[in-house]
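Sequence lines set the chain letters: A, B, ... in the order given, protein chains first and strands last, and positions in each chain run from 1. Here the structure is a predicted model, which is why all the values come from computation and not from measurement.
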Amino acid sequence: MIFSKTLIYWYSNSKRILPWRQTKDSYYIWLSEIILQQTQVKQGLPYYEAFVATYPTVFDLAKANERDVLKLWQGLGYYSRARNLHTTAKHIAYELNGKFPNSYNELLKLKGVGDYTASAIASICFNEVTAVVDGNVYRVLSRFFGIDTPINSSKGSKEFKQLAQELIDKKNPAEFNQAIMEFGAMQCKPKQPDCNICPLNKGCIAFNTNRIAELPVKIKSVKAKKKHFNFLVFISKDEKTILEKRENKGIWQNLYQFPLVETSREQTYNAFKKRVTSHHLLKDTPFELTLYNKDAIIHKLSHQHLYTKFWIVNTDALSANSISVDKIQDFPVPILIGNFIENFNF
DNA sequence: AACTCGGGGAT
DNA sequence: ATCCCAGAGTT
């Protein structure tokens with residue numbers, strides 16, 4: 001009781017003014033929650049503004065093409081969020097007649113909406129007593145109550161969800177949920193939290209037993225694997241190039257890229273020229289090959305480190321599936337490709 | 001239960 | 001380098 005009251009009081013004085021805190025419209029709250037999954041407020045904020053401006057209603061989002069939605073999402077990462085966002089918008093607009101689901105159980109059925117997001121929307125928009133458990137909540141609860149169950153174990157997720165559900169202010173679930181998350185983000189930070197001015201420090205087990213740095217406990221993830229990406233940047237005399245859609249599963253699904261040649265090791269100029277001479281886009285075609293970046297660009301993702309080289313391929317003409325280089329900005333691309341396009345003078 | 005999915009920021 | 005971020009879906 002004192003725990004939740006303290007958090008809510010702290011929140012009332014210390015919360016940031018954010019656009020999604022000025023509304024209880026489920027469409028906007030949903031949009032903000034999807035954007036903010038595994039994403040810091042600072043990074044997600046401009047994307048939220050862009051989506052609200054471009055798609056003011058769920059019908060506007062439903063009407064869009066996936067390519068445009070992905071383009072607006074470009075750079076934010078975890079692109080399945082954008083694909084699911086669009087799928088769910090169409091579902092709500094056309095099958096639910098625009099009526100947004102208004103309970104935890106119904107929200108949970110939406111693609112891209114899991115336990116956290118269903119709890120957040122249900123509490124914020126509909127005052128349902130469903131506790132959110134995100135990274136902030138894990139941190140605050142594990143420290144205050146001195147719980148060392150790994151947060152990314154199934155035992156841990158159940159344990160923390162149950163604890164949060166017991167602690168939530170039944171009269172004001174919306175404020176409590178947002179308060180504990182904001183508290184975790186601003187005060188009970190991962191590194192060097194300012195415990196000396198913390199309103200909860202007297203009862204905090206981690207603080208009083210000097211275990212702040214050890215909590216929460218998390219099971220280590222596997223190390224990232226190295227991959228070698230070689231992109232073929234075609235340029236024809238009539239200023240066309242080739243972009244291909246990534247259709248398969250894996251990273252960047254439904255985004256576009258220059259034709260990719262993945263290799264088991266870093267390619268030297270001579271070895272790569274020999275290799276691509278038999279490439280299906282290049283056989284029987286005279287071409288001139290130039291290596292754009294001598295040192296591989298290392299693009300780091302959670303599970304992969306992409307050692308990347310861009311190879312400029314000058315040809316006389318290109319096949320029918322080529323595009324004008326001035327149309328290149330219309331396509332959603334991974335930020336790795338986007339950075340190249342920005343730096344390269346087509 | 002373990003793995004996959006991005007990109008940026010802090011330390 | 002390593003960790004974290006208003007997590008969800010698949011295997």
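Contacts of G184(A) with the nucleic acid, taken as non-hydrogen atoms under 4.0 Å apart, are absent. In this structure, T117(A) reaches the sugar-phosphate backbone alone: every heavy-atom distance under 4.0 Å involves primed, P, OP1 or OP2 atoms, never a base. Across all strands, W20(A) comes closer than 4.0 Å to base atoms (heavy-atom distances). As judged by a 4.0 angstrom heavy-atom cut-off over every strand, Q74(A) is placed among residues making no nucleic acid contact. Backbone-only engagement by K220(A) is indicated by non-hydrogen atom pairs under 4.0 Å involving sugar-phosphate atoms exclusively.
Checking side-chain atoms of K155(A) against main-chain N and O of I151(A) turns up no donor-acceptor pair under 3.5 Å. A donor-acceptor pair under 3.5 Å is absent between the side-chain atoms of Q43(A) and the main chain of T39(A), judged by distance alone. Under a 3.5 Å cut-off, the side chain of N65(A) and the backbone N or O of R67(A) do not form any donor-acceptor pair.
At a threshold of 4.5 Å between non-hydrogen side-chain atoms, the residues I168(A) and S4(A) do not count as touching.
A perpendicular orientation is assigned to the rings of Y28(A) and Y48(A), their planes being inclined by more than 60° (bins at 30° and 60°). Ring orientation note: the planes of Y138(A) and F160(A) are nearly perpendicular, at an angle over 60° on the 30°/60° scale.
The OH-P distance, from Y116(A) to dA6(C), rounds to 9 Å in whole Å. Following rounding to the nearest Å, H303(A) (NE2) and dG9(C) (C1') show an atom-to-atom distance of 13 Å. As a whole-Å value, the separation of L141(A) CG from dA6(C) P is 15 Å. Computed from coordinates, the K15(A) NZ to dA6(C) P distance equals 17 Å when rounded to whole Å. N84(A) has its CG atom 8 Å from the P atom of dT10(C), to the nearest Å. Note: CG (N254(A)) to P (dG6(B)) measures 11 Å, nearest angstrom. Atom C1' of nucleotide dG6(B) and atom CD1 of I298(A) are separated by 17 Å, given to the nearest angstrom. Remark: P of dA6(C) and CD1 of I124(A) are 13 Å apart, rounded to the nearest angstrom.
Phosphate contact (OP1/OP2 of dC5(C), side-chain N/O of R139(A), threshold under 4.0 Å): present.
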Show the distances under 3.5 angstrom between N or O atoms of the protein and N or O atoms of nucleotides 7-11 of chain B.
unit_1 : atom_1 : unit_2  : atom_2 : d
dG7(B) : OP1    : Y79(A)  : OH     : 3.1
dG7(B) : OP1    : I335(A) : N      : 3.1
dG7(B) : OP2    : W252(A) : NE1    : 3.4
dG7(B) : OP2    : H299(A) : NE2    : 2.6
dG7(B) : N2     : Q43(A)  : OE1    : 3.3

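Taking atom P on both dG8(B) and dA8(C), the two are 22 Å apart, rounded to the nearest angstrom. Atom name C1', nucleotides dA6(C) and dC3(B): the rounded distance is 23 Å, in whole Å.
Nearest-nucleotide positions on DNA chain B for I219(A) and Q304(A) put I219(A) closer to the 5' end. Residues S221(A) and D134(A) each lie close to DNA chain C; by heavy-atom proximity, the contact nearer the 5' end of the strand is made by S221(A).
Put simply, the side chain of R21(A) and the base of dA6(C) share a donor and an acceptor less than 3.5 Å apart.
The hydrophobic clustering, which links ILVMFWY residues whose side-chain heavy atoms are closer than 4.5 Å, places V69(A) and F59(A) together. Put simply, L336(A) and V333(A) are part of the same group of oily side chains (I, L, V, M, F, W, Y) that touch within less than 4.5 Å, one to the next.
Among dA8(C), dC4(C), dC3(B), the nucleotide with an atom closest to any side-chain atom of V222(A) is dC3(B). The nucleotide whose nearest atom lies closest to any side-chain atom of R81(A) is, among dC3(B), dG6(B), dC5(B), dG6(B). Distance from the side chain of K249(A) is smallest to dT11(C) among dG9(C), dT11(C), dA6(C).
Contact check on E95(A) versus K90(A) returns no salt bridge, with no Lys/Arg side-chain nitrogen under 4.0 Å from an Asp/Glu carboxylate oxygen. Ionic pairing of R211(A) and E214(A) is not present here: no N-O contact between side-chain nitrogen and carboxylate oxygen is shorter than 4.0 angstrom.
I212(A) belongs to a hydrophobic cluster with F207(A), counting contacts under 4.5 Å between side-chain heavy atoms of Ile, Leu, Val, Met, Phe, Trp and Tyr, direct or through other members.
Near DNA chain B, defined here as any heavy-atom distance below 4.0 Å, there are no residues from residues 99-115 of chain A.
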